[in-house]
Amino acid sequence: MTNQEIAKLLRNIATAYFIKDDKKYRFQTLAYQRAADAIESTSTQVKDLIQDDELEKLPGIGPSIQAHLLELIKTGTVEYFESILKDIPQAVFPLLDVPGFGPKKAYRLVTTFSLENPKTVIKDIEKIAKQGKIAPLDGFGEKSEQDILRGIAEFGKGVGKATRMALPYAAEIAEKLISYLKKSEEVIEAEPLGSLRRMRSTVGDIDMAVATKHPEKVIEHFIAYPYKDRIIEKGELGASLILSGGQQVDLLTQPPQRFGSLLQHFTGSKNHNIALRELALKKGYSLSERGMKKESRDGKEILEFKTEESFYKFLGMDWIPPEIREDKGEIERALKHDLPNLVELKDMKGDLHIHSAYPIEPSHDMGQTSMEDMLVKAKRLGYEYLGFSEHNPNLSKHSKSDIYSIMAKRKDKIEHISLSKKYIRVINLLETDILPSGELAMDDKALEYVDGTIVSIHSNFGMDMNKMTRRVLKGLSHPKAKILAHPTGRLINSRNGYELDWEKIFEFASANDKAIEINSFPERLDLPDTLIYEAIKYGVKFVINTDSHHEKHMDLMKYGVSVARRGWAQKHDILNTLSYNDFITWLNK
DNA sequence: GCCGTTTTCGGCCCGACTGTTTTCAGTCG
């Protein structure tokens, strides 16, 4: 059973408690949700955690849930869970993914209409609503029946909570929206919030914070946004839209003197905020997006925070970068004034994964921009060096001697260009396939024409974990293989990637001076942040690359940096923050 | 059900918004 599946089961238990009696079981509900969060966000499998006696150390897993999980891994089921779930029809759970449905509404409708099939329940509800059978029920009405139909329609189109978009697309949408918002004179400040501000790899809703003295005018301006599909809600302090592309955008406002609290509150993460509120409560303060309330005899006074810095300072801590606000120890470190100094975009001195348009007759897709133009762009980005790493020549279409000659010509070209472009250093790399056998697609003689090679998997993704791990380790053990590119092989929203034994990969990389890539491409963002966080414990070094196939892709570096920051990476963890000479020294190790 | 430099018992995060309601329940973030 995967962690994902276990987390889902725990969430179902929370839902079941909530349906049974949300007041009586309020804290059980909360506890099971927290346990689900904990399981979901750990990169080690529960089975392994049990083996190493580490399960109980996860925050939110206590003696009771630990015993249940033990039983689950051992026998495949948990008697206690079964007894709780037996009163809740299975058809309730798929509905929870539909916008507007929570546990209560789902349970009410499923039981009222005796729906039993989880596979058809959404369609069944849609049919019932269309027949007008929901509006007459107590607590429902015409409006809520229409809402249900719309929620189901949107779910079908992948709108709302069902899908999350890759970070760079969300950032683009937010940028446009911010420049629109700033056209209003009433907007004093506008910033993205939520997972977008924390730079998570995927973003659900796009949340926006605005500081203003006249929220009603800002909200009017916001809901007049020309690229909207419709308005979901509109209140005194905020509003929500669905854009024509299906993305949801939420606007939240506060007066400027409270902007710090607003930013902090809606940047989250939820767990970070819960931990902060518990901390504040001990000091006698209650937190909200408006500020802090102190309980006193004279009633309640609100403390206001114009900036996030002053907010965190008031609680006795340093300002925490949004990327690491996940309650993974950042609060304790901030209290001790001991936060890591995260890597920044300006630290980057080069990009090593560049596919130019050089006609190498590659095994995979070719770049679209000439080497010369890529170098001009690199200069503009302030880089000291650029590494060309086209895909290796296609094996099936060329003889060995063809390949040697292609590689020799390319080497001449790079040397020539290197001499003529004095403003930047050029590194001759290659992206070489690791074949299913673990052999590299290029033989030793072909690799003599490059200074080093990036290696990566582009075929046979379905291998089991042990075979795939052996394959990668064998490929990486070639002396010229220095960087493992897009290590999980995932493509966000389309492919899950293959499984690797990360402990073995990290140990090997750390011991043998091999770097792991953090790929900045929107659908990749790979290695993912949670694995970076683990890898750093092994002393693994990284390179942050863009995998550019066009000059414009080179701007994506900031997203790779944000992934690294979310994994708590500092400048010294990232090899392409090194000067050219130091980087070459590492490359030749 | 979890958790503890104020506690091994007694707490546990907070508010906005909507719809169907005459004071609240449900959903969301």
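Chain A is the first sequence line, chain B the second, and so forth, proteins listed ahead of strands; every chain is numbered from 1.
Residue A:Gln28 has its side chain nearest to B:dG1 when only B:dC14, B:dT20, B:dG1 are considered. Relative to the side chain of A:Ser286, the nucleotides B:dC14, B:dG29, B:dC2 differ in distance, and B:dC14 lies closest.
A distance of about 22 Å separates the C1' atoms of B:dC12 and B:dA16, rounded to the whole Å.
A:Tyr80 comes within contact range of the sugar-phosphate backbone alone, with a heavy-atom separation under 4.0 Å but no base atom that close. Here A:Tyr32 lies in heavy-atom contact (under 4.0 Å) with sugar-phosphate atoms only. Nucleic acid contact class of A:Leu252 (heavy atoms, under 4.0 Å, all strands): none. Within 4.0 Å of A:Asp138, counting heavy atoms only, lies no atom of the nucleic acid at all.
Residue A:Phe101 and nucleotide B:dT27 are not classified as a stacked aromatic pair, given the requirement of ring centres less than 5.5 Å apart at an interplanar angle below 30°.
At the phosphate of B:dG19, neither OP1 nor OP2 sits under 4.0 Å from any side-chain N or O atom of A:Ser144. When the side-chain nitrogen and oxygen atoms of A:Lys104 are compared with OP1 and OP2 of B:dG26, one or more of them lie within a distance under 4.0 Å. Between B:dG15 and A:Lys293, a contact under 4.0 Å exists linking OP1 or OP2 to a side-chain N or O.
Note: A:Phe506 and A:Tyr538 have tilted aromatic rings, judged against thresholds of 30 and 60 degrees for the angle between ring planes. Using a 30° and 60° split on the angle between ring planes, A:Tyr17 and A:Tyr25 fall in the tilted class, from 30° to 60°.
The residue among A:Glu142 and A:Asp22 whose nearest nucleotide of DNA chain B lies closer to the 5′ end is A:Glu142.
In this structure B:dG19 sits in a base pair with B:dC24, meeting the Watson-Crick or G-U test at under 3.5 Å.
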Nucleotides 16-18 of chain B: which of its N/O atoms have a protein N/O under 3.5 Å away?
residue	atom	partner	partner atom	Å
B:dA16	OP1	A:Arg290	NE	3.0
B:dA16	OP1	A:Arg290	NH2	2.2
B:dC17	OP1	A:Glu236	N	3.1
B:dC17	OP1	A:Leu237	N	3.0
B:dC17	OP1	A:Gly238	N	3.3
B:dT18	OP1	A:Lys234	N	2.8
B:dT18	OP1	A:Lys234	O	2.9
B:dT18	OP2	A:Lys234	O	3.4

Show each protein N/O and nucleotides 3-10 of chain B N/O combination with a separation under 3.5 Å, one pair to a line.
residue	atom	partner	partner atom	Å
B:dC3	OP1	A:Gly60	N	2.7

